[in-house]
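Each remark here refers to the structure printed beneath this line.
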Amino acid sequence: MEISNSYLSLPDRCYVRQLADTVPEPTLLAWNAPLAEALGLSGLAESDVDLAELFGGNRRPDEAEPIALAYAGHQFGNFVPQLGDGRALLIGDVVATDGRRYDVQLKGSGRTPFSRGGDGKSAMGPVLREYVVSEAMHRLGVPTSRALAAVATGERVMRERLLPGAVMTRVAASHLRVGTFEYFAARRDLEALHALANFAIERHVPDCATSERPYVALFESTLAAQAKLVASWMGLGFIHGVMNTDNTAISGETIDYGPCAFMDEFQHDKVFSSIDRGGRYAYRMQPTIAQWNLARFAECLLLIDDAKERYEQALEQFIPSYRKAYYNVMCTKLGLRPDDGGQHDELISAWLQHLQDHQLDFTLSFRQLADRLDASSETDEPHFGRFEQRWREAIVTAGDDPAEVRTRMNAVNPLFIPRNHQIERAIDAATGGDMSIFNDLLEVTTEPYEEQPALASYAVPPAPRERVTATFCGT
Ligand code: AMP
Ligand code: MG
């Protein structure tokens, strides 16, 4: 295995060298063997015990030089000049079989100079949540950090109460965030900003290096990636929950799964996060917030390439780019052919309004709608009211074969998502030493579009008493 640390080429203000804490009783909770294989990390350890030692923090891969990265960030709109990896360590980066370079990071591995008042640890619950949700997102085709390992530490960590501790290993295209740039912009450290921007270009968009304005090109590519990313979240009813600039990746991947959740019944202004009292990061706000975060990125890049108009023009393109991506996502989900003219806009709104008015489950409704195209359902009463008639007409007008539309829809609309109430059950059981629900949840979300009769209950929305109304950061 070749593990290096490209970040060490950045100015030394960008990071602090730091070793992980040792932990008393590392036990492997989950190991992503296919991902390890893809990263060329399969030969890393002989046994689960070895893996737990490595990814619990007790043993360091020989060449690894772990660091905590510096970053700042706007949290709920307020600028915090110093955040940084307060409970995470970048072990290094590896070149995967796809030829790309990926960061390998431990999360919950102990205090760092950026920990402020925190203990640098993670509780098992948030680790398992991030594991299962990020892997599900990957299967659903959403750019995201991945989960390589989860290790119980045998320690207790103090949160609202004492909870079992764990370390998560995540893999990402990089850990550069808008907040990384903000840290150096706030300090007017232009040398570091140049180095970071060049690093981002080399890592994510090497073609931009030869563009006439490389930093503008970097900005445009991050913007395009974020527009697509948020559109894919919206199409899944996914709410990130803490879209602070320190959780906004330059790569356009979803990172930092905290109080995130998939909606059950559709509600446009749905909020889960217990700390988001103003609803800043509500479902419907996500595109606007992504644009706001990108404006903060532009302000940083302006310091090293004063192309104000170019950044402004790009920012103005964000909502149109997002709308286009969202329109494509929703048309595809509804079995309609996306066009350039927004011909189905009204139908999409009518669908969402119907879901909201009748408190229908976001995920399953798309599957049930597809099933309405089953020949035997044609004579029934419509299940989805007036919308259904209009939608059937649109399919007929397009000249599409209903059976084919149904197949297409079922190939893009998941049956299984990691539902909040199941995640809570999985965490409760895991805390008591039973990983079976967690493993079931991983299994069903690995093939999210396929019927899995033995595990069909995981597709079912929560009963009223099972509903989870808020999620917690776990910090
Ligand atoms: P997050 O909520 O994970 O995006 O974290 C926001 C900031 O708080 C980051 O700088 C984290 O490193 C820091 N942080 C969160 N939890 C802890 C913790 N338990 N100990 C130290 N720092 C933490
Ligand atoms: Mg974060």
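The figures here come from the full heavy-atom set of this structure, side chains too, leaving out hydrogens, waters and symmetry mates. When a ligand or atom number is given, it counts from 1 through the structure's own listing order.
Close approach to L83 involves these atoms of ligand 1, each under 4.0 Å from a residue heavy atom: 10 (O). Heavy-atom proximity to R116, at under 4.0 Å, picks out these atoms of ligand 1: 7 (C), 8 (O), 10 (O), 13 (C). Using a 4.0 Å cut-off to heavy atoms of G120, the atoms of ligand 1 that qualify are 18 (C), 19 (N), 20 (N), 21 (C). In the vicinity of D256, heavy-atom distances shorter than 4.0 Å reach the ligand 1 atoms 3 (O), 4 (O). Taking every non-hydrogen atom of G118 and a distance limit under 4.0 Å, the qualifying atoms of ligand 1 come out as 20 (N), 21 (C).
Side chains of S4 and D93: a donor on one and an acceptor on the other come within 3.5 Å. Judged by distance alone, the side chains of D103 and H175 do bring a donor and an acceptor atom under 3.5 Å apart. Checked by atom type, the side-chain pair R284/H268 shows no donor-acceptor distance below 3.5 Å. Counted by atom type alone, Q422 and R425 present one or more donor-acceptor pairs between their side chains at under 3.5 Å. N420 and R129 share a side-chain donor-acceptor pair at under 3.5 Å. Using a 3.5 Å distance cut-off with no hydrogens or angles, the side chains of Y215 and N198 do pair a donor with an acceptor.
Here D246 fails the criterion, with no N, O or S atom under 2.8 Å of the Mg ion (ligand 2). In summary, N247 places an N/O/S atom under 2.8 Å from the Mg ion (ligand 2), meeting the contact criterion.
Counting heavy atoms under 4.0 Å from ligand 1, residue M158 does not touch it at all. Neither the backbone nor the side chain of R111 comes within 4.0 Å of ligand 1, counting heavy atoms alone.
At least one N/O-N/O distance between R87 and ligand 1 falls below 3.5 Å.
Distances from the Mg ion (ligand 2) to each N, O or S atom of D256 single out OD2 as the nearest.
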